[in-house]
Structure formats: C-alpha cells, structure tokens
Amino acid sequence: MSQNQTRAADVIRAAVLGATGYVGGELLRLLAAHPDVRVTHATSERRAGQRVGEVFPALGAAGDLTLEALNPERVRTQADLVLAALPHGASGPVVGALVEAGLPVIDLGADHRFPDPEVYAAAYGHHHPRPDLAAQAVYGLVEFARDRIAKASLVGVPGCYPTATLLALLPLLTRGLIDPADGVVVDAKSGISGAGREARTESLFAEVADSVRPYKVGAHRHQPEMAFHAEALSGRPVEIFFVPQVVPMSRGLLAAVYGRLAGGVAPDAEALRTQVAEVYANAPFVEVLPAGRWPETRWVDGTNRAVIGVGVDEATRRVVAMCAIDNLGKGAAGQAVQCLNLMRGLPETTGLPAVGTVA
Ligand SMILES: NC(=O)c1ccc[n+]([C@@H]2O[C@H](COP(=O)([O-])OP(=O)(O)OC[C@H]3O[C@@H](n4cnc5c(N)ncnc54)[C@H](OP(=O)(O)O)[C@@H]3O)[C@@H](O)[C@H]2O)c1
C-alpha cells in the first residue's frame, strides 16, 4: 500500500454541527488545512440544502459541501468524530444520542463544561439536558488536561473568556503566587464575533463601532465557569469578579486578571514571569512575554496562540496577568482541534496555525 493510500484510510471523517455560525465556520476553515481530517458532514437548520460556500465564500474549495438539517442518525453514518458548535441547551440532547452511538464528541457549547449539573443549572437558568453525561465530559483546557482529553469520548471545550482567564490565572494559583483569599478581578475585552452570527440590534456595526461596552458585569455566565475550573484545576477556591466588555473589533480577546501577591512572595516581576513560563514550558501554543511587555490581540489573530504578560506593583503588591487569544481560535475552534489531535494520538499542533498576520 502506498503512503497516500495509508493516509486516506486513516483520515478522520468529521461532522461539524452548527456549521453556519462563527465557530462552525472557523472549524471548517481550520479543518480544511488539517492533514488528517476531512469534513464529511455539516449542519444548519435554516440553511439546510445550501452549499457551505454560499454561507462562507471565504472558504473557497472547503465550501463545497451541502448543509443538512441535524439528524443524529445521518451524523452517525457519515462521520467518525463530531464537533458541535451549537447554542447551549441545543447541543445536550443531540450530543447525548451521538455519544451513546459510540461517536467521540467535542462540544464547543456550554452544555458539557460542568461536571456538576447543579452548577450548570445555576449558571444557565435551566436544568442540564443530560445530567447523566455531565460528569463524563472532560473540560478541554488543553494545557491543564492533556492526559484526560486524550482518553475522553466527550470533551466540553471551555468558553472564550474562561480560556484566556484560566491560562493567565492558573499559574498564579498553582504556584502560590497570589492570595486566593483576596479574590481576583477579571477585566476582559472581546470582539463582537464572541456574540455569535445571529442578527441582533446590539451587534450592528453602528452599535459596536467607536465604543466600548461593558455588559453583564458580575453576572456573566462565564464567571461561574471560571471560578469552578480555577478551583478544580488548582485545588484552590477563589472568588472571581468578572467585567466583560465588547470592543469594536471582529475577533480577538484580552483578559486582564488582577490579584494580590501572596504573603512571603517577593514583588519581583521577573521571578513571577519565570514561574509562569515554567508552567507553559511544554505548551506549544502559549508564549509568556518578558516582564514589562503586554500582549495585543492582533498578535494572535487567526491563530491558536495564547500570549501572556505578567507584572506586579511593588507598592500595592497588586499582580496582573494578561492573556490575548483569538476568541474563535484558542477560544473555540482552535482549542477544539487541539483536543481532537490529542484524542486521536496526533501531535497537538497538527493542522493548527501558530503564525499570525502582521498588519
Ligand atoms: N463565538 C465565540 O467566540 C464562541 C467562543 C467559544 C464558544 N462559543 C460557543 O460555541 C457555540 C456556537 O457559537 P457561535 O458564536 O458560532 O454561534 P452562532 O454564530 O449563533 O451559530 C450557531 C449555529 O448553531 C445552529 N443552530 C442554532 N440553533 C440551533 C438548534 N436549535 N438546533 C440545531 N442547530 C442550531 C445555527 O444554524 P442555523 O442558524 O444556520 O440554522 C448556527 O450554525 C455556542 O454554544 C457558543 O456559546 C462561541
């Protein structure tokens, strides 16, 4: 058998559910460049029957696939692995049926981010659609769960704000650099694609351009997700106050995490930076900047990278860690492909862009 035939036999047939959304579209874009994956099935309710290319002309040849209405039986026969980019609440029942049919599922919505259905219900205001599956899912924050993701049949990919926040916060907690009893404030800014592709007045150009809009201050659904997984992954409970803001850009997210230096830790930015960099020594997509430098969202546009800056104010002992990601990349589709690679025993970086645009 030639090398090409071996490759063809090994190709992973992937289904993308919710392929007309921003996350679904980004999955199609990334998977088009993945050497081991072929998207064989893509779903939409409102645009079933249309070609993907009609929805996303930017995808070129990768748009040559006809959208189908979601039918778990069709998905099961057409794919070996499923990526679900559906609204929360919609994915739970479908994902349950697919997992029971033996398909590995990577869910990019919120339905499988909480092992405790009570925490989900408190955050989302409705009962978990499949509480029996909630505990089975692995939280797909790759840098802190590689081994568990590799063995998982169901992964709940973290939200975009929690990804950037936890990547900045977890090293501070696990290394004992900040005092969890003091709590942390997360001030985060996101591009408008974070709100999805659904037409809404508040997402119109004239509403978003030339303005910064705080929203759901202290009341965003990602706040309990951050607090739950900060404790689960560090073993240290920490109160989080989250201030999300929409800024006038299409994609990109910058999270700034503020905490208080732990007692006995010297206010030395270089030493803090070294500790954080050690945590990510084997993380190909995470870059920790030299002390005194801060990340910008445009550095990570279109990539799966996360860039972190760390500093401390000697007078107030206030620590700040900032993380820039692309909300559709490391904050969603990129991280999902990273999970797929681990689940299939592929190098973590396979098919994922690590080089951004320069202007
Ligand atoms: N946007 C981000 O930055 C981001 C980051 C991380 C995670 N997420 C999560 O990823 C998921 C998708 O986000 P998005 O921004 O791509 O949303 P979106 O742009 O609104 O897309 C939603 C997709 O789901 C489909 N859909 C909607 N309701 C459905 C239903 N009841 N049954 C089946 N399909 C349905 C839509 O298809 P049609 O309308 O064509 O029928 C569309 O393809 C959400 O759970 C979101 O919270 C988003």
Side-chain angles (χ1 to χ4, degrees), residues 15-30 39 41-52 54-56 65-72 74-75 82-95 97-98 105-114 120 123-124 126 129 139-141 155-166 188-200 202-203 216 220-222 225-226 244 246-247 249-255 297 300-302 304 306 325-339:
V16 174
L17 314 186
T20 55
Y22 283 137
V23 173
E26 185 71 358
L27 281 168
L28 295 174
R29 183 180 83 86
L30 294 178
V39 178
H41 191 80
T43 79
S44 160
E45 304 313 292
R46 287 184 290 192
R47 306 193 69 169
Q50 294 183 23
R51 282 177 62 258
V52 166
E54 292 174 55
V55 180
F56 293 120
L65 189 67
T66 301
L67 292 158
E68 295 190 27
L70 184 44
N71 171 346
R74 283 280 296 161
V75 177
V82 177
L83 297 124
L86 304 171
H88 66 83
S91 71
V94 178
V95 164
L98 294 168
V105 179
I106 299 168
D107 186 359
L108 291 101
D111 287 357
H112 298 97
R113 293 181 191 156
F114 298 94
Y120 174 89
Y124 283 85
H126 59 85
Y139 191 62
L141 187 65
V155 170
V157 180
C160 47
Y161 285 124
T163 294
T165 298
L166 291 168
K189 297 162 183 77
S190 170
I192 190 64
S193 63
R197 203 163 186 241
E198 183 83 21
R200 293 188 193 94
E202 64 268 25
S203 300
K216 295 183 185 167
H220 193 285
R221 285 164 170 162
H222 285 174
E225 182 182 332
M226 293 169 187
V246 172
V247 294
M249 54 191 193
S250 298
R251 52 199 286 169
L253 192 161
L254 181 73
T297 55
V300 296
D301 246 23
N304 193 49
I325 60 170
D326 184 328
N327 58 298
L328 297 177
K330 182 65 176 165
Q335 183 144 252
V337 174
Q338 221 180 337
C339 291

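Remember, it's 1-based here, ligands and their atoms both numbered in the order they're listed.
Each of the following atoms of ligand 1 lies closer than 4.0 Å to a heavy atom of Tyr22: 16 (O), 19 (O). Those atoms of ligand 1 that come under 4.0 Å of a heavy atom in Gly194, given as number and element, are 1 (N), 2 (C), 3 (O). Of all atoms in ligand 1, listed by their number and element, those nearer than 4.0 Å to a heavy atom of Ser44 are 38 (P), 40 (O), 41 (O). Per-residue contacts place His88 under 4.0 angstrom from the following atoms of ligand 1 (heavy atoms of the residue considered): 45 (O). Distances below 4.0 Å separate heavy atoms of Gly109 from the following atoms of ligand 1: 45 (O).
Between the side chain of Gln50 and the backbone N or O of Leu67 there is no donor-acceptor pair closer than 3.5 Å. Using modelled atom types, no side-chain atom of Arg74 and backbone atom of Ala69 make a donor-acceptor pair closer than 3.5 Å. Between the side chain of Asp326 and the backbone N or O of Asn304 there is no donor-acceptor pair closer than 3.5 Å. Put simply, the side chain of Ser193 gets close to the backbone of Ser250: a donor and an acceptor are under 3.5 Å apart. Within the 3.5 Å criterion, the main-chain N or O of Arg51 finds no donor-acceptor partner in the side chain of Thr66.
Residue Lys330 is tested with Ile325, Leu253, Val300 for a side chain to side chain contact (heavy atoms under 4.5 Å, CB included); the sole match is Ile325.
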Exercise for review: Would you please test Val55 and Arg197 for side-chain contact (heavy atoms from CB on, under 4.5 Å) and show each step?
Suggested key: CA-CA 11 Å; Val55 180; Arg197 203 163 186 241; 3.3 Å; yes
Practice item. Go through the steps to decide whether Tyr139 and Glu225 satisfy the test side-chain hydrogen bond (donor to acceptor under 3.5 Å, both in side chains), and finish with yes or no. Key: CA-CA 10 Å; Tyr139 191 62; Glu225 182 182 332; 2.6 Å; yes
Review point. Does the side-chain contact (heavy atoms from CB on, under 4.5 Å) test come out yes or no for Arg46 and Thr20, once each step is laid out?
Key: CA-CA 9 Å; Arg46 287 184 290 192; Thr20 55; over 6 Å; no
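Protein heavy atom in closest approach to atom 34 (N) of ligand 1: Leu86 CD2, 3.4 Å. Counting only heavy atoms of the protein, atom 6 (C) of ligand 1 lies nearest to Gly331 O, 3.2 Å. Of the protein's non-hydrogen atoms, Leu108 O, 3.3 Å is the one closest to atom 9 (C) of ligand 1. The closest protein non-hydrogen atom to atom 1 (N) of ligand 1 is Ser193 O, 3.0 Å. Of the protein's heavy atoms, Gly196 CA, 3.2 Å lies nearest to atom 15 (O) of ligand 1. The closest protein non-hydrogen atom to atom 21 (O) of ligand 1 is Gly21 CA, 3.1 Å. Shortest contact from atom 23 (C) of ligand 1 to any protein heavy atom: Ala85 O, 3.6 Å. The single protein non-hydrogen atom nearest to atom 31 (N) of ligand 1 is Ala90 CB, 3.9 Å, given as residue, atom name and distance.
Under 4.0 Å from ligand 1, the heavy atoms of Ala19 that appear belong solely to its backbone. Contacts between Ser190 and ligand 1, counted as non-hydrogen atom pairs separated by less than 4.0 Å, are absent for every part of the residue. Residue contacts with ligand 1, taken as heavy atom pairs separated by less than 4.0 Å, involve Leu328 solely via side-chain atoms from C-beta onward.
Taking 4.0 Å as the cut-off between side-chain N and carboxylate O, Arg251 and Glu26 count as a salt-bridged pair.
Residues Ser190 and Asn327 have side chains that never bring a donor and an acceptor to within less than 3.5 angstrom of each other.
Distance check for atom 11 (C) of ligand 1: a protein heavy atom is found below 4.0 Å.
Nearest-residue assignment for atom 38 (P) of ligand 1 (options Leu253, Thr20, Val55, Asn327; heavy-atom criterion): Thr20. Counting heavy atoms only, Pro87 comes closest to atom 28 (N) of ligand 1 of the residues Ala199, Pro87, Ala110, Ala332. Closest to atom 39 (O) of ligand 1 by heavy atom, among Arg46, His222, Arg197, is Arg46.
Looking only at side-chain heavy atoms (C-beta outward), Arg113 and His222 come within less than 4.5 Å of each other.
The aromatic rings of His88 and His126 lie parallel to each other, with less than 30° between the two planes, well short of the 60° mark.
Polar contact with ligand 1: present for Val23 (N/O pair, distance under 3.5 Å).
Residue contacts with ligand 1 include Arg113, since one or more of its heavy atoms lies under 4.0 Å from the ligand.
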